[in-house]
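Please read the structure below before turning to the comments.
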Amino acid sequence: NIAKDLGLDFSQLSARKARIDPEDDNTQLCGINLNTGDLLVQERIDREGLCGKKALCVLKQELVLENPIQLHRISIRVVDINDNAPQFNEDSLKIEIRESADKGERFLLREAHDGDIGENAVQSYALQQNDQFKLHVNTKSGGRKYCELVLDKELDREDKKDIMLLLTAYDGGSPQRSGTVVIHVTVLDANDNVPVFSQPVYKASLPENSPLDTLVVTVSASDADEGVNSEISYAFDHASDDNINVFRLHPKTGEVRVSGVVDYEKITSHEMQISAVDGLGLISYSSLIIDVIDTNDNYPVVQLKSLSNSMAENVSPGTEVGLVNVQDRDSEQNGQVRCSIPQNVPFKLVPSIKNYYSLVTTGQLDRELVSEYNITISATDEGSPPLSTSKSIHLTVADINDNPPVFEEQSYSAYVSENNKAGSTLCSVSARDPDWRQNGTVIYSLLPSEVNGAPASSYVSVNGDTGVIHAVRSFDYEHLRSFQVHVMARDNGSPPLSSNVSVSVFISDVNDNSPQILYPAPEGNSFMTELVPKAAHGGSVVSKVIAVDADSGQNAWLSYHIVKSTDPGLFTIGLHSGEIRTQRDISESDSMKQNLIVAVKDNGQPPLSATCSMYLLISDNLAEVPELKDISYDDKNSKLTSYLIIALVSVSTFFLTFIIIVLGVRFCRRRKPRLLFDGAVAIPGAYLPPNYADVDGTGTLRSTYNDDAYLTTGSRTSDFKFVSSYNDNTLPAGQTLRKSPSDFDEMFGDAEGSTEV
Ligand SMILES: *[C@@H]1O[C@H](CO)[C@@H](O)[C@H](O)[C@H]1NC(C)=O
Ligand SMILES: *[C@@H]1O[C@H](CO)[C@@H](O)[C@H](O)[C@H]1NC(C)=O
Ligand SMILES: *[C@@H]1O[C@H](CO)[C@@H](O)[C@H](O)[C@H]1NC(C)=O
């Protein structure tokens, strides 16, 4: 109360127009109650507004009184109250700290401001609880507090890149006021991280022969740093050429691609170290293992390790003739090789030690059938698809003398006409020997034997080289109709092999013998007369001409003709029988003496013939013979009578002698009854023509050689039956036309028998 303090009277205040004026031109903060004299606060007084940070804030006022003017100074001390809270200027405090900052490093923080002073000003700071920082509060000269962030634990940008902390500033007033700010700590990167591969070992597999640029694997490393610190480039680290030439690693993308030939057979697994380097050179390593997967890209290889090019045909089955090696560079199934040869050869492959096969024979070889073999060995692996190769080998079979010469025919026959020239060719034999060279060279020779008691070589000879058989001498059919020799064929092997064959030589007849008249005796040699009874009727047989021919067949087929006769009409002769018959009854007028000239002709080409004369006496008894003297046939018959007598005597004598001889001979050689006789004539069997004997044996007419046909036993009228039957052109029924070798024996037997007679 100013009035009281100054001792003024209240009542005068209003009259004296008391008022408070600010000293300076300040705003009117205070007034005075004119009634009471109290100093009043008229406006809000803000110390901070008036004095700011001044420690002493005095508000200078003047009390002005008029009537009289009186001036009193009033000093009003404004006392601070805590009406301001600490305050930070910024919304947030941004701090960048390198992550590499050391522990204990300090970072000054901006202060908080508080309008108040003294205790009411900022007195302390507090930091939100955290792991990283602590707060260190200092006092400046003048009592101002400031604070520092102290790194309590190393930062890791990669762990926490931004840290938000709440910083609170407290004043000392009461009540206490505070202000907060957010501290935004940004952790700056340092290249403190090495690149890190995503895997310690990269494994990949790749088929061999993969095309260029095939992606094998992508490696990747990460770097926790940022910016250039995390820029990674990849590379192979100390890789060998083998790897470098096959793969390439993209430095940025980390893609591993094929850049060369991937060959399993060369390298089955590529193992490389790869590196990742970040921008500032921090490096790390990883391994890359690329397994190459085999593909069936290699053909099997067949090699002949030993081969006997030639084997003898007599090698026993199972003989090894070659050794074959088979290889395939691929592995596993792709390298498993099966070997085979065709089924149709007498060989097989026998698996031997690993990858080796023996080629052995499975059967008997025969050079004469197959002299060489081309064997194709096929080797196929078990890959998919399989690969196969084949190899041809050539084997020859060497000869062994295992085949004897073989004659082309079982037996040979040669036909030759008698009277051949010595040296003429009979036939030729031929033998084949399929063996090789001298083992198959055939040489012919005659085996020693006897023909007719003489060595065969005196009959025939054989050409050793050609097998042509020659006659050594001229053959006589009438002596030898056939014979047999043996020819041997021998090869030149060692030891030689041989075989033999029989050669039959058949000699054929030539008409070289003229008919021989046995009865009547040839003209001039004897004098024979046939008696013809006067009472003979026409057609009765009065006589017979008997002739033989040493030849055979047609050459011995005789025909009879009367070439001249006294009375041509009286007698006739059987063309083939030679029987002389009366043609008509004898009459008294017929001449007593009849003379016939008979020609006997064979059927050969050209024919040969013989003639004879036959004297016939027509009379009933010989007593009339003397009369014969008178009977004259012609001039030449003048001596007929005496001839006739001589003839009769001769015939009788001859007849008797002949019987004696015949009986004698038959007695001695009972087995060869070859003499035929009847009545007035005896005919040696030897001279009987063999009749149609055929030499070629193909079934033409031939003689029966039957004794019964020769020997006559009948009546006188059939005396000459054997001749007629022999001359018959018919063949007895049931007789065979075939000729067998025994027939020839018989023939020879006959011939021998006859020669002795
Ligand atoms: C085997 O092969 C050879 C040559 O390749 C050939 O001259 C010969 O005729 C063949 N032999 C057979 C039996 O195929
Ligand atoms: C003939 O055969 C013999 C064995 O019998 C053999 O040793 C020889 O080599 C053969 N000769 C020829 C030319 O093949
Ligand atoms: C002739 O061959 C036969 C069999 O064909 C044989 O028995 C005979 O001994 C051979 N003769 C000679 C002299 O070789």
Side-chain angles (χ1 to χ4, degrees), residues 302-304 307-317 319 321-322 324 340-349 359-379 388-414 427-451 453-465 467 469 483-505 741:
V302 178
Q303 282 177 308
L304 292 177
L307 180 68
S308 42
N309 282 314
S310 167
M311 67 234 140
E313 57 181 323
N314 64 349
V315 295
S316 50
T319 306
V321 296
V324 179
S340 65
I341 57 171
Q343 298 286 325
N344 58 358
V345 292
F347 296 96
K348 67 175 176 187
L349 281 176
L359 184 64
V360 299
T361 58
T362 56
Q364 206 65 53
L365 303 177
D366 187 357
R367 192 202 65 85
E368 285 71 38
L369 283 177
V370 186
S371 64
E372 56 177 5
Y373 292 93
N374 281 341
I375 301 171
T376 306
I377 302 176
S378 342
S388 62
T389 31
S390 61
K391 183 162 190 117
S392 225
I393 58 176
H394 186 73
L395 291 171
T396 52
V397 183
D399 187 45
I400 292 293
N401 191 22
D402 56 352
N403 286 288
V406 173
F407 282 97
E408 284 173 356
E409 284 167 38
Q410 300 228 310
S411 65
Y412 289 84
S413 299
C427 68
S428 76
V429 296
S430 155
R432 300 231 173 280
D433 188 328
D435 289 324
W436 182 246
R437 298 260 163 90
Q438 65 258 37
N439 290 342
T441 307
V442 180
I443 299 156
Y444 303 93
S445 60
L446 199 61
L447 281 181
S449 63
E450 286 202 343
V451 174
S457 57
S458 65
Y459 281 80
V460 292
S461 71
V462 61
N463 184 314
D465 296 328
I469 295 173
F483 59 91
Q484 206 178 35
V485 293
H486 285 88
V487 173
M488 179 174 77
R490 179 175 60 85
D491 64 26
N492 225 352
S494 156
L497 297 173
S498 66
S499 59
N500 62 57
V501 74
S502 70
V503 179
S504 301
V505 179

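We count ligands from 1, going down the list as the structure has it; atoms in each ligand are counted the same way. Quantities reported herein were computed from a predicted structural model and do not represent experimental measurements.
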Can you list the steps and then say if Leu365 with Tyr373 is a side chain to side chain contact (heavy atoms under 4.5 Å, CB included)?
CA-CA 11 Å; Leu365 303 177; Tyr373 292 93; 3.9 Å; yes
Take Asp399 and Glu313 through the test side chain to side chain contact (heavy atoms under 4.5 Å, CB included) and record every step on the way to the result.
CA-CA 6 Å; Asp399 187 45; Glu313 57 181 323; 2.9 Å; yes
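Sorted by chain and number, the heavy-atom contacts of ligand 2 below 4.0 Å come from Asp399, Ile400, Asn401, Trp436, Arg437, Gln438, Asn439.
Tyr459 contributes no side-chain N or O that, together with a main-chain N or O of Gln484, makes up a donor-acceptor pair within less than 3.5 Å.
Side chains of Asn403 and Asp435: a donor-acceptor N/O pair is present below 3.5 angstrom, by distance only. Between the side chains of Asn401 and Asp491, at least one donor N or O lies within less than 3.5 Å of an accepting N or O.
A 4.5 Å side-chain heavy-atom check between Val429 and Tyr444 finds at least one atom pair inside the cut-off.
The shortest N or O to N or O distance between His394 and ligand 1 is not under 3.5 Å.
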